[in-house]
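Heads up, the thing below is written out as structure tokens.
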Amino acid sequence: QVHLAESGGGLVQPGGSLTLSCVGRGFTLDYYGIAWFRQVPGKEREGLSCISSDGSTYVSDSVKGRFTTYSDKAKNTVYLQMNDLKAEDTAVYYCATDGLKFSTTHQIMSKEALELLYWGRGTQVNVSS
């Protein structure tokens with residue numbers, strides 16, 4: 001059984017930083033990539049980043065230069081480091097995987113939500129003074 005769990009969200013002031021964690025169970029990051037998305041209720045989800053099984057990374061233009069993604073395979077955990085946070089970054093942040101071995105970052109980020117078979121519950125990030 002594949003399980004993903006996000007953590008690390010909370011309240012932060014504009015300009016601050018947070019690191020979100022996505023812990024995977026039932027699979028290994030040696031085989032599967034993990035993507036990060038965010039969503040404001042009632043709006044479309046936004047793809048943010050992805051790290052593939054070979055360590056290649058993708059970061060969307062909207063957050064490039066502020067957000068980075070990296071993994072610790074020993075902990076089976078993927079991180080999203082968020083710096084210089086802005087009010088518009090307020091959202092629920094999710095991690096997900098397509099559950100297919102050796103998918104590239106492009107393959108993962110181009111898929112519809114239903115093709116990303118496994119999602120975490122999400123973690124709330126609030127950026128406010």
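The structure displayed is predicted, hence computed values, not measured ones.
- The two residues Ala35 and Ile108 have their closest heavy-atom pair at CB-CG2, 3.8 Å.
- Of all the heavy atoms in Tyr94 and Gly120, the pair that sits closest is CD2-O, 3.6 Å.
- For Arg121, the CZ atom counts as loosely surrounded, since its 6.0 Å shell holds 12 or fewer non-hydrogen atoms of other residues, nucleotides or ligands.
- Between Leu48 and Met109, the shortest heavy-atom contact is N-CE, 3.9 Å.
- Put simply, Phe102 and Ile51 are part of the same group of oily side chains (I, L, V, M, F, W, Y) that touch within less than 4.5 Å, one to the next.
- Within 6.0 Å of OH on Tyr31 lie no more than 12 heavy atoms contributed by other residues, nucleotides or ligands.
- Side-chain N/O atoms of Glu46 and Ser62 include a donor and acceptor closer than 3.5 Å.
- Between Phe27 and Leu29, the closest side-chain pair of non-hydrogen atoms falls below 4.5 Å.
- For the residue pair Asn83 / Ser17, a side-chain donor-acceptor distance below 3.5 Å is found, with atom types taken as modelled.
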Inset, instruction - Would you check, one step at a time, whether the test ring pair (Phe, Tyr, Trp, His ring centres under 6.0 Å) holds for Tyr93 with Phe37? - result: CA-CA 6 Å; Tyr93 286 69; Phe37 301 85; over 10 Å; no
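- With rounding to the nearest 0.5 Å, the separation of NE2 in His106 from NZ in Lys111 is 11.0 Å.
- Tyr79 and Val125 fall into different hydrophobic clusters, where Ile, Leu, Val, Met, Phe, Trp and Tyr residues are linked whenever their side-chain heavy atoms come under 4.5 Å apart, directly or through other members.
- A salt bridge between Asp61 and Lys64 is present, with a side-chain N of the basic residue lying under 4.0 Å from a carboxylate O of the acidic one.
- Between Ala91 and Val40, the closest heavy-atom pair is CB-CG2, 4.1 Å.
- Residues Gln39 and Glu44 approach most closely at NE2-C, 4.1 Å, considering heavy atoms.
- Taking CG from Leu18 and CZ from Phe67, the interatomic distance works out to 9.0 Å, rounded to the nearest 0.5 Å.
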Inset, instruction - Could you check Met82 against Val63 for side chain to side chain contact (heavy atoms under 4.5 Å, CB included), going step by step and ending with a plain yes or no? - result: CA-CA 9 Å; Met82 306 186 295; Val63 297; over 6 Å; no
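- With rounding to the nearest 0.5 angstrom, the NZ atom of Lys101 is 10.0 Å from the OG1 atom of Thr28.
- Rounding to the nearest 0.5 angstrom, the gap separating the SG atom in Cys50 from the OH atom in Tyr58 is 9.5 Å.
- Within the 4.5 Å cutoff, the side chain of Val127 has no heavy atoms near those of the Glu88 side chain.
- Judged by distance alone, the side chains of Asp54 and Ser52 do bring a donor and an acceptor atom under 3.5 Å apart.
- A distance-only check finds no donor-acceptor pair linking the side chain of Arg25 to the backbone of His3 [under 3.5 Å].
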Inset, instruction - Start with the C-alpha gap between Tyr32 and Ser53, add the side-chain angles, then the distance that decides, and say whether side chain to side chain contact (heavy atoms under 4.5 Å, CB included) holds. - result: CA-CA 5 Å; Tyr32 302 106; Ser53 60; 5.9 Å; no
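- No donor-acceptor contact under 3.5 angstrom links the side chains of Gln13 and Ser129, judged on distance only.
- The line from OG1 of Thr19 to CG of Leu80 is 8.0 Å long, rounded to the nearest 0.5 Å.
- The two residues Thr123 and Glu6 have their closest heavy-atom pair at CG2-CB, 3.9 Å.
- Applying the 6.0 Å contact sphere to NZ of Lys73 captures more than 12 heavy atoms from other residues, nucleotides or ligands.
- Leu116 and Val78 fall into different hydrophobic clusters, where Ile, Leu, Val, Met, Phe, Trp and Tyr residues are linked whenever their side-chain heavy atoms come under 4.5 Å apart, directly or through other members.
- For the side-chain contact (heavy atoms from CB on, under 4.5 Å) with Val23, the lone residue among Thr77, Asp72, Leu4 that qualifies is Thr77.
- Distance CD1/Ile34 to CG/Asp98: 9.0 Å, rounded to 0.5 Å.
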